[in-house]
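Every chain is numbered from 1, with letters handed out A, B, ... down the list of sequences. Basis for what follows: all heavy atoms, side chains included, without hydrogens, waters or symmetry-related copies.
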Amino acid sequence: MLVGRRDFLRLTASAGAGTAIGGLVGLGVTLAPAVARAQELRIKDAKTTPSICPFCSVGCATLIHTVDGKIVNIEGDPRSPHNEGTLCPKGAAIYQLHVNPNRATTVLHRKPGASDWEVVELEWAMDRVGELIKKTRDETFIEKLPNGKLVNMTPAVFALGGATLDNEFNHVCQKFWRGLGVVAIENQARI
Amino acid sequence: MGSNMAECHPVAFRWPMKAKLNGAKLVHVDPRFTRTSAVADLHVPIRAGSDIAFLGGLINYVINSKRWNTDPFFKEFAVNYTNAATIISDDFKDTEELEGVFSGLVKFSEPAFWPYNGLEGRYDNATWQYKRGPRPAPARVEITRTTAAAGAITKDLIAKRAGPPFDDLVRSLKLGPAEKDPTLQNPHCVFQILKRHFARYTPEMVEQVCGSPKEKFIKVAEMLLESSGRDRSSAFAYAVAWTQHIGRPGAGVMALRGHAAIQGSTDVPTLYHSIHGYMNAPSALRPHETLRDYMAAETTPTSYYGNTPKFLVSYLKSMYGAAATTENDFGYDWHPKILGDHSHIASFAAMADGKVKGMCCVGQNPATSLNGGATRQALRQLDWLVVKDNWLTETATHWYLGPEVKKGEVKIEDIKTEIFFFPSTQIAEYDGSFTNTQRMLQWHSYAAKAPGDCRTDSWFYHNLAKRLKKAYAGSKLSRDQGWNNVSWDFDPDAGEEPLYPGEISARKVLREINGYQTADPKQHLKGFAELKDDGSTTCASWIYCGCYPAWDQNLTARREPDPPGVPGAHLKWGWAWPANRRVMYNRASADLKGNPWSERKRWIWWDPTFVNPPDPKTGKPVPKGKWVGYDVPDFGATKAPDAQPKPDGIGLDALSGTQPFIMRADGRGWLFVPAGLVDGPLPTHYEPHESPIQNPLYKQQTSPVHKVWAPGKPYNKLAVVGDPKFPYVISTYRLTEHYLAGAMSRWLPWLAELQPELFIELGKGLAQEKGIKNLDWLVVSSPRGHIRAKALVTDRIGVMQIAGKRIHHVGMPWHWGWMGLSTGDVVNDLTAWVGDPNVSIHEGKAFVCNVEKA
Amino acid sequence: MSDTFFSGAPHWAWLIILYFFVGGIAGGGSLLAAIVDWFGAPEDRPVARTGYNVAAVGAIISGALLTIDLGRPLRFWHMLFQSANFPTLMFKGWSPISFGAWGIFLFGLFSVLTALGGMAEEGRLHNPALRAVGGAVRGTLAKVVGGVAGLLGLFIAGYTGVLLSVTNRPIWADGPWLGALFLASGVSTGAATLILLAPGRGATEQSLARLSAFDTKALVVELLVLVLFVASLGAVNRVWLSFWGLVLLVGVGFGILAPLRMHAQRRSLAGAARLVLLGGFLLRLATIFASEGIERYRVAAGM
Amino acid sequence: MAEAMGFFTDTTVCIGCKACEVACKEWNQLPAENGGVRELSGDSYDNTRKLDGIHWRHVRFIEQFKGPYDGRWLMMSDVCKHCVQAGCLEVCPTGAIVRTQFDTVVIQSDVCNGCRACIAACPFGVIDINPVSGTAQKCTLCYDRLQVGLEPACSKACPTDSIQFGAIAELRTRAEKRVAQLKSQGVAAELYGADPGGPLGGLNSFYLLVDKPEVYGLPRHPELPTTNLAKSGGLSVASAAVLGLLAIVGLRKRRMDEQSRGGGGNV
């Protein structure tokens, strides 16, 4: 019945005026259903990796499709009891977090007072940051307060960030700083 | 309420919308008519900063309603599962008696060694305590002075360096039984105090304070009453800091938190005030001198927190490994103590004074955060700054693109900070787990390689740790011993390939968080019940214990939903702390006898016929009966509803079978909070620091203990009450299309085009008064600064009648900065360094401003 | 409000306007050339030859304009053949753009043949291949080919308006007169073009006078149809309250009324013809852009 | 042919989150306009404004207020209607636009040559040129996903199930139930495009609206463009006849006396 309704003759008849001009025919052309030549499914041979949306705290599950190690698609995981495959606009845009020409990919360094960045080696920058942490810690460490309380800490280093990152990062981060005696460790939870 | 769930958590809002299709009523109380209001059954406008008045009004309305006073359900729940019947100390004075403050208010003097607490006053909560009978005689404590007053026994145990085990120390902390009046008639019982406290929160007063029309307020109260009862429930979605469910399915207060791992970063605390599993960070301001001092001060003997010594010792073992021994109190002295408030704002206030010299900022963008001008001024004082992020953020570029530099107020060469930028990996480029707002840990797996020098953020600290271990190796200085003894073993084991050169094994980190038998790290702990206080267990986070119950069993990676049609706690999807429970305090979903309050709302219940296997440890038979249902019971699994507390019991043994709130000292929900909150035992309406009106409820204008950091500093100026220069109330907020400070959304073309520019929403009335047309450029100012934004003129926000004054309300989304595809001024340049004393959360959602055409 | 206001603009702009204008001239020129060829006097032969040349050049320009205007010009042939099924023809008798493509193609073919015939007759073809083709088109065959070109010209002049009508766009689809209007305008501008160009090919004063007299009639028809067109738009006419309404007025004033007055006063034929061309152009300009400029979200916003 | 598939969009549960817009772009790899660098439109929260070649989904925001906080905010996710009688498909001169086995209407980008006739033919303003491909584009109802049994990207992403995908017959039943529920609550809800006897033979993407279609930017009586063909063509032929006759009369071979008067008669 559906096919019949969409039959071309019926179509033009319901369109009314169409048939009024003689010869309104198509050479080899009909409006009947056909299988279109569509582009190949992008994720046909993709590997699927389970992941989680990195934006808000709902914890929507996602599926990442990769072909030859390149991300081709990210969409909601329909199995998830939280999101059942749905996503919000940010979640739907996770792909562009990864595949994006604006991404920063090099290490930058600005000398004190300089007016420009310099691109530097990753290992050099790590060494330098390590030196600076040690210098500041050694210069500001407090073993005991004037009132004699043992505190073994330095208030002079501030570590910020963690709420957008993994539990594992948070553990490593707080263990690192607390191990060194740094207590000013904060993340987005308070702001 | 106060939350814009549809916009900020659209996917979570899927469920309220489904409930709505099933007949649930949705009420939205908000200063703006938002996308949440658009689908709500009722929107009630409210002035930003007046929520407590509204909620207080609801409490007053409900407890004086006929229904509440006649339906026994309410009384049964309140008398038994909350502290409504508990009697409070005779010395307690309420705000009713002291014109808006509670008894115990004392002046606070900033200590010279860390004057960044932002406080002028603080409460001594001694008068807020329960009235108690005599302290029980400690049965098994072998000490001589059995007649000692409360506290002395503990001191003695501390002096004797008693334990481990620390059970005696914990037992010695037990207080006498709290007095109760189940009839709720005693004038000193919580219920009567509550009733008096909220009596002045009438619908008329709500209208005065909140600007919410009285009829709409009453409608909300009636709707709330209608959907209360044995088979009904109500939920408050509220953007507060702590997740808490009230034990019944579909009920409770729901925190809607902002970030993917914000719960995780609170549990695994990259927060100054706590160490793993919500233990307070050892502090110079508290009696935390020694391990036992800390235990005495922080252990609640009659709740699950009676196990605090086990949590703490297992945590210290995770910090210092083999070096943590009984002899050195498990390295407690090495652990740093906080000096006071080192929270976000306090740290920037200290930084502005030159007290903080170096900063590592990983995945956060403070340059657009609270009081942006002051924050950037503070950043410019740093000796060194590391920014690690996926994008060049405002924090990374403030020194050459910040508004002060652009305007020429600050010269680049005068900024002496050495600055680093490290690029980061994105979610699909590494392994790890997030803990969502429901406390559920979910694993995400590596799928693709990150480009260039992008490394994980864990990689960053892991490789710094290796460098600093090397740098301090061999140091004999006492202050370096803590660091030298920190255990650091996160390199992948043989057979596991690192994702990047030098990358950690995220699984190994989670294993340390979960915990294991110290003697054999391959023997994982299956749950926190296995924790010991003698160092034989190593576990960073007692609340996460059980997420990795065996070497090869990462339960956070599970993705097995319940089949369709099952009420479904989906216990095999991910893993929720504690112990994979999905609804906390779920004992409260059943009545005193252990039966569900109603069949419709059943969740767990007592099955008296259940045949238990014998105790696996002792081999003794266990009596019949077990808590069963859809969830993991948050209660002793075989503890019968009629079980009585053991006289000398500690921990759960000190609670009966009808005390569901097992983390509270009395096992009950607290309507009156004797300890834990520093600004009063009952919610009380105070005006925001910057307010257009005098507090209509009390003589006390603002909370007497609220925080103002950097008071009097030129970069944190504050408006006076009713300041004519700043006549409008402003709230800042988020949009669905962007993410927080914008680093993760303003660079994404698909999101940038959806909300391309900053705007200010203002009412048609105000626009008319000021001759403002839609899309006009406006200047918005506060005492801290002024910014430009385009006008979005709408009736979705507007004028309110507050305490007899006509007050315009405006609103601005705060996602913008100068970087990215979608740019705009920094809205937080308007906000102040003012906050609450409990958790130091800012007041950036309710302050005052002026609006002029540009 | 007309339902047409919810549709989207196809961005038919300058190239298409030029095409409609040039196509109209070519079609009109071709028609007049064929009529002169068939019914006219022998001394009108230069007019006919001019007309065929105008038609041929116009057809080529038209085809070029249409092709350049395509989003993917190299796929112009997809309108004639089924790309996936070459060489099966692609033809939809109910779609003006489909049969129009065929029309333009055939019109180009026939008008170029006729023009070559005329040029061969004048001895102006030097390329041997072209001379051979042109030489073949003579006598009765030339007349037949020219006649077909004339009929196709009539089609080309008019179908563009029908094409606009067979859409869901404001103005275009709001009344049925656009085909007739463009046809009249095509014929009038075609005549005007011949008046301007034919003298160069040796046309006589009398030929031009007759052309001019016919142009007057065409203009009158055009004006009449324009009035009917505007009347048929009804409430949609409010869209003329814009710059393009002014353009239309200018077009009518200078392109129809002024030439009519000049004809009545027997003033410069060439001057009137130039104004007719201007008018024809402005008519298309105003019709296309007045519709193209309507942004649909303004409608939803009630603006 | 397989069963007719399509969308039912219940605008009363739309929260205007625009997940559908982004999910569509992600799956179909459509660019943002001007790389995402744009200006605020000032039209409520709608900054993409319309459906076009790179916006195959569009969420419309309609503010209806009588005064501060007094009114409603309607939202609707719009998309190609996949008309049962599709104007675009009718006029397409290249055969690029086809009806698929799912009764959806798809533009084959490798056939389209960018003539843009379909843009003007669509009564809903759905189609436009994608500047990247140079061809006309619109929603394909994720034809590639449908062929392997996957749900279209937009309806899959929709957090509140405002966009529902399924067999048209089943969707209609569901939609009628929802209308009945809303009507019982006193909401003036109506379906748009669900009637197979209605305009264009029904729409395979139909909507539940609570106001007049125009309010949502939808034509009340959408028509096929070819409705105008006969009349417009007929009048053209008639005027061609008139002008042809006038030309034959005016330009025919005449008697010498007429010629000598020079210029012929002005009629």
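When all heavy atoms of I119(D) and P10(C) are compared, the pair lying nearest together is CG2-CA, 3.7 Å. In plain terms, the two heavy atoms of K217(C) and L246(D) that are nearest each other are CD-CD2, 4.0 Å. In this structure, L235(D) and P176(C) approach most closely via the heavy-atom pair CD1-O, 3.4 Å. In plain terms, the two heavy atoms of T167(C) and A120(D) that are nearest each other are CB-O, 3.4 Å. Shown here for S236(D) and V162(C), the closest heavy-atom pair between the two residues is OG-CG2, 3.3 Å. L229(D) approaches F99(C) most closely through the heavy-atom pair CD1-CZ, 4.3 Å.
Using a distance-only test at 3.5 Å, with no hydrogens or angles considered, no donor-acceptor pair links the side chain of S7(C) to the main chain of P123(D). Listed for the K92(C) side chain is a donor-acceptor partner under 3.5 Å among the backbone atoms of C92(D). Within the 3.5 Å criterion, the main-chain N or O of A121(D) finds a donor-acceptor partner in the side chain of N168(C). Judged purely by atom type and a 3.5 angstrom limit, D3(C) has no side-chain atom pairing as donor or acceptor with the backbone of P219(D). Looking only at distances, a side-chain donor or acceptor of R72(C) sits under 3.5 Å from a matching main-chain atom of S133(D). Side-chain N or O atoms of W12(C) include one that pairs as donor or acceptor with a backbone N or O of C115(D) at under 3.5 Å. Within the 3.5 Å criterion, the main-chain N or O of V111(D) finds a donor-acceptor partner in the side chain of H78(C).
The most heavy-atom pairs under 4.5 Å with chain D, out of P96(C), P42(C), G100(C), G179(C), come from G179(C). Heavy-atom pairs under 4.5 Å with chain C were tallied for G244(D), A136(D), P131(D), A117(D); the largest tally goes to A117(D). Ranked by heavy-atom pairs under 4.5 Å with chain D, the list D69(C), L31(C), V36(C) is led by D69(C). Between chain C and the options R116(D), H221(D), R220(D), E223(D), the largest number of non-hydrogen pairs under 4.5 Å is found for R116(D). Among L228(C), V47(C), V221(C), D215(C), the residue with the largest count of heavy-atom pairs under 4.5 Å with chain D is V221(C). For chain D, the option among G158(C), G150(C), A173(C) with the highest count of heavy-atom pairs below 4.5 Å is A173(C).
For E190(D), the CD atom counts as loosely surrounded, since its 6.0 Å shell holds 12 or fewer non-hydrogen atoms of other residues, nucleotides or ligands. Shown here is Y192(D), whose OH atom has more than 12 heavy atoms of other residues, nucleotides or ligands within 6.0 Å.
Annotation: the span from W172(C) atom CH2 to N228(D) atom CG amounts to 13.0 Å, rounded to 0.5 Å. Separating the CD1 atom in I129(D) from the CG atom in L70(C) is a distance of 9.0 Å, to the nearest 0.5 Å. Here Q108(D) contributes atom CD and S83(C) contributes atom OG; the two are 7.5 Å apart, rounded to the nearest 0.5 Å. L66(C) CG to N113(D) CG: the interatomic distance, rounded to the nearest 0.5 Å, is 10.0 Å. To the nearest 0.5 Å, the span separating CZ on F214(C) from CG on L243(D) amounts to 5.5 Å.
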- Task: Begin with the C-alpha distance, continue with both residues' side-chain angles, and end with the deciding distance and a verdict on side chain to side chain contact (heavy atoms under 4.5 Å, CB included) for D44(C) and L251(D).
- Result: CA-CA 9 Å; D44(C) 290 340; L251(D) 301 176; 5.7 Å; no
- Task: Just do the side chain to side chain contact (heavy atoms under 4.5 Å, CB included) check on F5(C) and E214(D) with the steps written out, would you?
- Result: CA-CA 10 Å; F5(C) 282 72; E214(D) 303 90 285; over 6 Å; no
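Heavy-atom distances place both the backbone and the side chain of I97(C) under 4.5 Å from chain D. Of the two parts of A184(C), the backbone and the side chain both hold a non-hydrogen atom closer than 4.5 Å to a non-hydrogen atom of chain D. Interface remark: L74(C) contributes no atoms to any contact with chain D (heavy atom separation under 4.5 Å).
A salt bridge between D110(D) and R75(C) is absent, with no side-chain N of the basic residue lying under 4.0 Å from a carboxylate O of the acidic one.
Contact annotation: the side chain of D128(D) approaches that of H11(C) to within less than 4.5 Å [non-hydrogen atoms, C-beta and beyond].
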